[in-house]
Amino acid sequence: MKDKIIEKMYEISKIPYQKYVKTNKPWQVTKSELLAYPTDSLGQNLGKFLNDNNFNIQSKLEDHDIIHILTNTGITVEDEIAMQYYLLGNGKKSLYLFMVILSGTLFYSTQIREFIRQYKRGKKAHRFYDLNFEKLLFVPMANIRQTFNIQ
C-alpha cells in the first residue's frame, strides 16, 4: 500500500516538475538510437536500461535514468528513495529531493540504514549529479564512473 501512495505522489508531481522546474531542453534522441551507441557507452547503457525496464525517455527527465545506471540503482520505490539519499550525499538539493527523502523516510523507516549507506556512497563520489549527460552519451560508462569515483 505504501508503494502505491509514493508512486501516486510521484505521478502527481512529475508533470508540474517537468513543466515548471526543469528548464532544460528535451534530448533529441530515441531509445533505438541510444541502443546503437558504441558498446558500453553511457548512451548505449541508457538505451539498455530503458529497454530492459520497458521505459520510454521522459522528456526533460532524461538525467534521472542516467543516475540510475551510473549508480547501479534499481527501480523499486525503496531504490528511488535510496537514490535520492545518494544524490543528497553528492550535494544535490532540491524541493523534490527533500520531499522524496521526507516521505520515503517516514514510509520506509526500517530501511534507514540502507538510506544512510547510500548517502555515504554519494559523499564519496565527486559531484556529478549536475553534469550535462547528453554531451557524455558517447563516453564509456566505466570512464565516467572512474572519473567521478562512482562506486
Side-chain angles (χ1 to χ4, degrees), residues 3-105 107-108 115 118-151:
D3 285 0
K4 295 289 183 207
I5 293 169
I6 297 279
E7 288 171 3
K8 192 63 169 174
M9 287 170 55
Y10 169 74
E11 288 302 319
I12 291 168
S13 66
K14 182 174 85 169
I15 294 170
Y17 182 73
Q18 279 174 297
K19 188 172 183 177
Y20 301 112
V21 177
K22 297 298 276 186
T23 58
N24 56 304
K25 292 183 180 179
W27 294 4
Q28 300 301 308
V29 65
T30 66
K31 187 179 353 178
S32 57
E33 289 172 335
L34 289 169
L35 289 167
Y37 273 50
T39 302
D40 294 326
S41 66
L42 184 62
Q44 185 192 56
N45 277 282
L46 175 58
K48 286 179 184 178
F49 175 83
L50 295 170
N51 212 39
D52 292 349
N53 292 293
N54 202 28
F55 291 161
N56 291 313
I57 295 174
Q58 295 185 72
S59 178
K60 296 185 172 184
L61 302 176
E62 299 90 350
D63 56 342
H64 179 85
D65 292 329
I66 293 283
I67 302 294
H68 272 283
I69 62 173
L70 284 174
T71 61
N72 198 29
T73 302
I75 60 168
T76 67
V77 170
E78 292 172 52
D79 292 336
E80 291 285 346
I81 298 162
M83 189 170 83
Q84 296 304 315
Y85 269 90
Y86 187 108
L87 290 170
L88 180 64
N90 197 242
K92 183 174 183 177
K93 292 171 180 61
S94 71
L95 178 60
Y96 183 78
L97 177 140
F98 289 119
M99 285 179 10
V100 171
I101 286 178
L102 177 62
S103 60
T105 303
F107 281 108
Y108 295 93
F115 298 156
Q118 292 303 321
Y119 173 82
K120 288 177 181 177
R121 280 183 64 216
K123 291 282 285 181
K124 289 179 184 176
H126 305 300
R127 181 174 165 166
F128 71 93
Y129 70 86
D130 57 353
L131 293 173
N132 183 342
F133 293 112
E134 185 178 18
K135 292 185 177 184
L136 299 174
L137 292 175
F138 283 97
V139 176
M141 197 162 75
N143 290 11
I144 297 168
R145 283 182 172 153
Q146 182 178 16
T147 300
F148 291 94
N149 197 35
I150 303 168
Q151 308 199 359

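Residues meeting the ring-ring contact (aromatic ring centres under 6.0 Å, His included) test with Phe128, sequence neighbours left out: none. Residues passing the side chain to side chain donor-acceptor pair (under 3.5 Å) test with Gln118, sequence neighbours excluded: Glu114, Arg121. Annotation: side chain to side chain donor-acceptor pair (under 3.5 Å) contacts of Tyr86 (sequence neighbours excluded): none. In this structure, Asp79 has no salt bridge (Lys or Arg N to Asp or Glu O under 4.0 Å) partners at least two apart in sequence or on a different chain. Remark: Glu62 pairs with Asn24, Pro26, Trp27, Ile57 by the side-chain contact (heavy atoms from CB on, under 4.5 Å) rule, at least two apart or across chains.
A distance of 12.0 Å separates OH of Tyr119 from CG of Leu87, quoted to the nearest 0.5 Å. Atoms CG and NZ, on Leu88 and Lys93 in that order, are 6.0 Å from each other to the nearest 0.5 Å.
The side-chain hydrogen bond (donor to acceptor under 3.5 Å, both in side chains) contacts involving residues 134-151 comprise Asn149-Gln151, where partners must be two or more places apart or lie in separate chains. For residues 129-151, the pairs satisfying ring pair (Phe, Tyr, Trp, His ring centres under 6.0 Å) are Tyr37-Phe138, with sequence neighbours left out. For residues 38-55, there are no side-chain hydrogen bond (donor to acceptor under 3.5 Å, both in side chains) pairs, not counting sequence neighbours.
Residues Ile144 and Ile150 approach most closely at O-CD1, 4.3 Å, considering heavy atoms. For the residue pair Leu46 and Ile66, the shortest heavy atom distance occurs at CD2-CD1, 3.7 Å.
Val100 has its side chain within reach of Ile81: a pair of non-hydrogen atoms, C-beta onward, lies under 4.5 Å apart. Contact of the Phe115 side chain with the Ile101 side chain is not registered, since no non-hydrogen atoms from C-beta on lie closer than 4.5 Å.
A donor-acceptor pair is defined here as one N or O able to donate and one able to accept, closer than 3.5 Å; no such pair exists between the side chain of Lys92 and the backbone of Gln84.
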Please table the atom pairs, donor to acceptor, closer than 3.5 Å between any side-chain atom in residues 67-74 and protein atoms at least two apart or in another chain.
unit_1	atom_1	unit_2	atom_2	d
His68	ND1	Thr73	O	3.1
His68	ND1	Gly74	O	3.0
His68	NE2	His64	NE2	3.2
His68	NE2	Glu80	OE2	2.8
Thr71	OG1	Ile67	O	2.6
Thr71	OG1	Thr73	OG1	2.6

